[in-house]
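Structure record follows, encoded as structure tokens.
Throughout, protein chains are lettered first and strands after them, A, B, ... in sequence-line order, and every chain is numbered starting at 1.
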Amino acid sequence: MNIFRFAGDMTHLISILVLLLKVYATKSCSGISLKTQELYGIVFLARYLDLFTDFISVYNTVMKLVFIGSSLAIVWCMRFHRVVKRSYDRDVDTFRHYFLVGGCFLLALFVHEKFSFREVFWAFSIYLEAVAILPQLILLQRSGNVDNLTGQYVLFLGAYRGFYILNWIYRYFTEDQFSRWISCVSGLVQTALYADFFYYYFISWKNNAKLKLPA
Amino acid sequence: HQAPPAKDEL
């Protein structure tokens with residue numbers, strides 16, 4: 001564990017707490033893409049298949065349970081919670097995310113560290129996480145103004161993988177046999193997808209204006 | 001072929 005990875009995990013945890021706060025405090029999921037939440041649920045379920053077989057540390061296991069639990073809880077809320085589901089606007093959340101699932105799985109079948117059930121699903125989860133934010137970013141562009149909590153949720157979610165890139169650089173230089181090129185390349189793509197969001201978020205913060213993404 | 005290192009990252 002190094003400070004970059006810990007900062008990344010904490011930033012990721014904060015993004016989840018901000019999202020839970022928004023949904024439970026406002027009893028509304030307006031501006032949140034159900035499809036992105038479903039993709040993240042698939043990402044965590046596919047990535048943490050080793051949850052009960054490989055014990056790394058208490059921290060590792062607890063965080064995996066938090067990530068799986070929170071993503072499934074949000075999906076459940078947006079689909080079935082009496083009040084919350086009313087604020088979900090499926091007419092705006094129209095990204096065909098099943099193509100992302102199919103494409104990433106196909107890619108994982110060809111590009112992986114080792115051709116085994118666990119490794120293919122792990123690579124699939126890494127590729128899928130890189131593009132999972134697309135439905136959410138498209139929805140924000142469509143819905144124009146972005147409420148503060150949703151903006152902060154996306155900001156922290158984008159920043160966490162940026163910290164992971166610093167972690168991979170650090171580990172590359174401090175550990176001899178470290179090679180996570182699948183995670184690194186995907187992490188770079190993932191963080192790059194947030195670039196324009198970061199830019200507009202910074203502009204809105206500088207001008208102390210409401211965050212607006214150009215359509 | 002040595003097994004890839006355990007996935008210690010989240």
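For the pair Y48(A) and L10(B), the tightest heavy-atom approach, listed with the atom from each and the gap, is OH-C, 3.4 Å. Taking all atoms of both residues into account, the shortest heavy-atom contact from N60(A) to D8(B) is ND2-O, 3.5 Å.
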Verdict with supporting geometry, K7(B) and E119(A), salt bridge (Lys or Arg N to Asp or Glu O under 4.0 Å):
CA-CA 10 Å; K7(B) 301 279 184 286; E119(A) 287 296 324; 3.1 Å; yes
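Other residues, nucleotides and ligands contribute only 12 or fewer heavy atoms inside 6.0 Å of the CH2 atom of W205(A). Under a cut-off of 6.0 angstrom, the local environment of OH in Y59(A) is crowded, with over 12 non-hydrogen atoms contributed by other residues, nucleotides or ligands. Within a 6.0 Å radius of OH in Y199(A), other residues, nucleotides and ligands contribute 12 heavy atoms or fewer. Crowding of Y24(A) atom OH: a count of heavy atoms from other residues, nucleotides or ligands under 6.0 Å not exceeding 12.
For chain B, no part of F44(A) is nearby; none of its heavy atoms comes within less than 4.5 Å.
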